[in-house]
Engineer: 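Sharing a structure here in structure tokens format.
Counting starts at 1 for both ligands and their atoms, following the listed order.
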Amino acid sequence: MAEIIDGKKLGERIKEKIREQIPLLEKQYGRRPSLYVIIVGDDEGSMRYVNNKVNTANSLGMDARLITLKSNIYEKELINIIHVLNEDPLVDGIMVQLPLPSHINEDHVVDAIAKDKDVDGFNSLNVGSLWQGTHGIAPCTPKGVIQLIKTTGVPISGKFAVIVGRSNIVGKPVAKLLLDENATVAIAHTGTENLKAITSLADILVVAAGQEKLITADMVKPGAVVIDVGITRNAEGKVVGDVDFDAVKGIAGFITPVPGGVGPLTIAMLMKNTMECFLNHAEAHSDVSKLWATIIKARIGGHKQ
Ligand code: NDP
């Protein structure tokens, strides 16, 4: 029977470390890490997500604000607001909740965020850095996936990892981060012939397709680490993942539940990215600040990306 990976507990541990560091940072730098979350329109689901992000950041002692904009805002106006935040030295992190209304080009907006404030890690410069292996900000969900795998104690290096899904925000960056950990990586998608033949070889299986019960017990290698990124609402209105959890937990070595697996890590990684942006900004000040920022980064488990 698989061990259930408790994402909620791991997320809380990561946030607790951040909560402990913030008063020390405020003492040292005279200010707290700041995060600006922008939402366009008033979609109920998106509003719940952004409120959760802002409330979490504030509960950790950060200075987080929500900017709510009308759904008919022009792309140029939105980008102008981002430019103002880019120029403000008191702003560490900026994120724009996606999706945006169809008259706004999401790529233009995401790319307008300064590279060093792009806490989602979605803009082209950070994506380039991720793939080049140079200094940048890695996206939150993929970073969380790696943390969840590491918490099992199963070494990633040398393992065969299969990712189902090739989106820019989940599948592809998860593949690159696993490659950086020395896994041998395959990415499956709707064009993959015989998905089962590939997934059943995986020591580490990450599923991010958005299809309920796509992965059944016969598709999983005994003892595998199974990370279910999927979140969908099924016909009964229940939030479900992509893995047939009840059946697969009898085969896998480790498995994440939905909810309570990847979701809490995504938000914890957003907090961590905001801290890292703050520390990078603080580090730019002086050699003493640089030393201090390095110490705090080590305490919260700073990441190269
Ligand atoms: P996308 O729809 O952008 O991508 C889905 C990917 O899955 C595509 O690459 C698609 O292939 C592939 N896919 C879909 N169906 C199949 C199938 N039957 N067989 C093989 N591959 C398939 O979704 P996202 O990557 O944005 O998100 C994936 C899931 O993760 C969603 O449920 C989403 O809600 C969830 N999510 C959860 C987060 C969290 O915090 N827990 C954060 C972000 C996303 P193709 O490219 O060929 O179309």
Engineer: For atom 2 (O) of ligand 1, which protein heavy atom lies nearest, and how many Å away is it?
Structural biologist: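 The closest one turns out to be Ala209 O, 4.7 Å.
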
Engineer: Check ligand 1 against Thr266 and write out every atom of the ligand that is under 4.0 Å from a heavy-atom position of the residue.
Structural biologist: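 So the answer, numbered in order with elements, is 39 (C), 40 (O).
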
Engineer: Spell out, as yes or no, whether a donor-acceptor pair under 3.5 Å connects the side chain of Asn126 to the backbone of Phe122.
Structural biologist: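 Not confirmed, Asn126 side chain does not pair with Phe122 backbone.
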
Engineer: Using a strict cut-off of 4.0 Å, indicate which atoms of ligand 1 neighbour a heavy atom of Gln211.
Structural biologist: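 So the atoms of ligand 1 that pass are 15 (N).
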
Engineer: Looking only at protein heavy atoms, identify the closest one to atom 9 (O) of ligand 1 and say how far it is in Å.
Structural biologist: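 Looking only at protein heavy atoms, the one closest to atom 9 (O) of ligand 1 is Arg166 N, 2.8 Å.
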
Engineer: Between Asp228 and Thr256, does any side-chain donor sit less than 3.5 Å from a side-chain acceptor?
Structural biologist: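 There is no such pair (donor and acceptor under 3.5 Å, judged by atom type) between the side chains of Asp228 and Thr256.
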
Engineer: Under a 4.0 angstrom heavy-atom cut-off, which atoms of ligand 1 come close to Val262?
Structural biologist: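 Listed by number with element: 41 (N).
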
Engineer: For atom 12 (C) of ligand 1, find the nearest protein heavy atom and state the residue, atom name and distance (0.1 Å precision).
Structural biologist: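 Going atom by atom, the protein heavy atom closest to atom 12 (C) of ligand 1 ends up being Gly165 CA, 3.9 Å.
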
Engineer: Please write down residue, atom name and distance for the protein heavy atom closest to atom 10 (C) of ligand 1.
Structural biologist: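 Protein heavy atom at minimum distance: Thr190 CG2, 4.1 Å.
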
Engineer: Charged N to carboxylate O under 4.0 angstrom, Glu20 versus Lys17?
Structural biologist: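 Salt bridge between Glu20 and Lys17, a charged N being under 4.0 Å from a carboxylate O: no.
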
Engineer: Please identify which atoms of ligand 1 are closer than 4.0 Å to at least one heavy atom of Val170.
Structural biologist: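 Checking each atom against Val170, I get 25 (O), 43 (C), 44 (C).
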
Engineer: Which residue and atom name correspond to the protein heavy atom nearest atom 36 (N) of ligand 1, and how close is it?
Structural biologist: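 The protein heavy atom lying closest is Val229 O, 3.7 Å.
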
Engineer: Ala208 heavy atoms, cut-off 4.0 Å: which ligand 1 atoms fall inside?
Structural biologist: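 Within the 4.0 Å cut-off of Ala208, ligand 1 contributes 5 (C), 6 (C), 7 (O), 28 (C).
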
Engineer: Are Tyr29 and Met62 co-members of a hydrophobic cluster defined by side-chain heavy atoms under 4.5 Å apart?
Structural biologist: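 Same cluster.
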
Engineer: What residue and heavy atom of the protein are closest to atom 26 (O) of ligand 1, and at what distance?
Structural biologist: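 It is Ile169 CD1, 3.6 Å.
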
Engineer: Pick whichever of Gly261, Gly210, Gly263 has a heavy atom sitting closest to atom 31 (C) of ligand 1.
Structural biologist: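 Looking at heavy atoms only, the winner is Gly210.
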
Engineer: Is a side-chain N or O of Asn52 found less than 3.5 angstrom from the main chain of Arg48, in a donor-acceptor match?
Structural biologist: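 Not at all, since once roles are kept as given, no pair shorter than 3.5 Å links the two residues.
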
Engineer: Is it the case that over 12 heavy atoms from other parts of the model lie below 6.0 angstrom from the OH atom of Tyr49?
Structural biologist: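 No, OH of Tyr49 has 12 or fewer neighbouring heavy atoms, counting only those of other groups under 6.0 Å.
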
Engineer: Should Ile227 and Leu214 be regarded as members of a common hydrophobic cluster, given that ILVMFWY residues are connected when their side-chain heavy atoms come within less than 4.5 Å of each other, either directly or indirectly?
Structural biologist: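 Unlinked, Ile227 and Leu214 end up in two clusters.
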
Engineer: For Thr192 and ligand 1, answer yes if some heavy atom of the residue is under 4.0 Å from a ligand atom, otherwise no.
Structural biologist: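 Outside the 4.0 Å threshold, so no.
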
Engineer: So for ligand 1, is Leu214 a polar contact partner (N or O within less than 3.5 Å, distance only)?
Structural biologist: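 Min N/O separation from ligand 1 is not below 3.5 Å for Leu214.
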
Engineer: Mark yes or no for whether Glu75, through its side chain, and Asn105, through its backbone, hold a donor-acceptor pair below 3.5 Å.
Structural biologist: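 Yes, Glu75 side chain to Asn105 backbone: donor-acceptor pair under 3.5 Å.
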
Engineer: Rounded to the nearest 0.5 Å, what separates atom NZ in Lys272 from atom CG in Leu60?
Structural biologist: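 Here the interatomic distance stands at 13.5 Å.
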
Engineer: Inspect the contact between Arg19 and Glu16 and indicate whether a charged nitrogen and a carboxylate oxygen are less than 4.0 angstrom apart.
Structural biologist: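 Arg19 and Glu16: salt-bridged.
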
Engineer: Can you sort out which atoms of ligand 1 are near Thr141, meaning under 4.0 Å from one of its heavy atoms?
Structural biologist: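 The atoms of ligand 1 under 4.0 Å from a heavy atom of Thr141 are 40 (O), 42 (C).
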
Engineer: Please check atom 24 (P) of ligand 1 for a protein heavy-atom neighbour under 4.0 Å.
Structural biologist: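 Yes, because at least one protein heavy atom sits under 4.0 Å from atom 24 (P) of ligand 1.
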
Engineer: Can you tell me the protein heavy atom closest to atom 4 (O) of ligand 1 and the distance?
Structural biologist: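 Sorting protein heavy atoms by distance from atom 4 (O) of ligand 1 puts Ser167 CB, 3.8 Å first.
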
Engineer: What I want to find out is whether Lys150 reaches Glu181 closely enough, with some N-O distance under 4.0 Å, to be called a salt bridge.
Structural biologist: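 The answer is yes: the pair qualifies as a salt bridge.
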
Engineer: Note the single closest protein heavy atom to atom 32 (O) of ligand 1, along with its residue, its atom name and the distance in Å.
Structural biologist: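 Minimum-distance protein heavy atom for atom 32 (O) of ligand 1 reads Ile231 N, 2.9 Å.
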
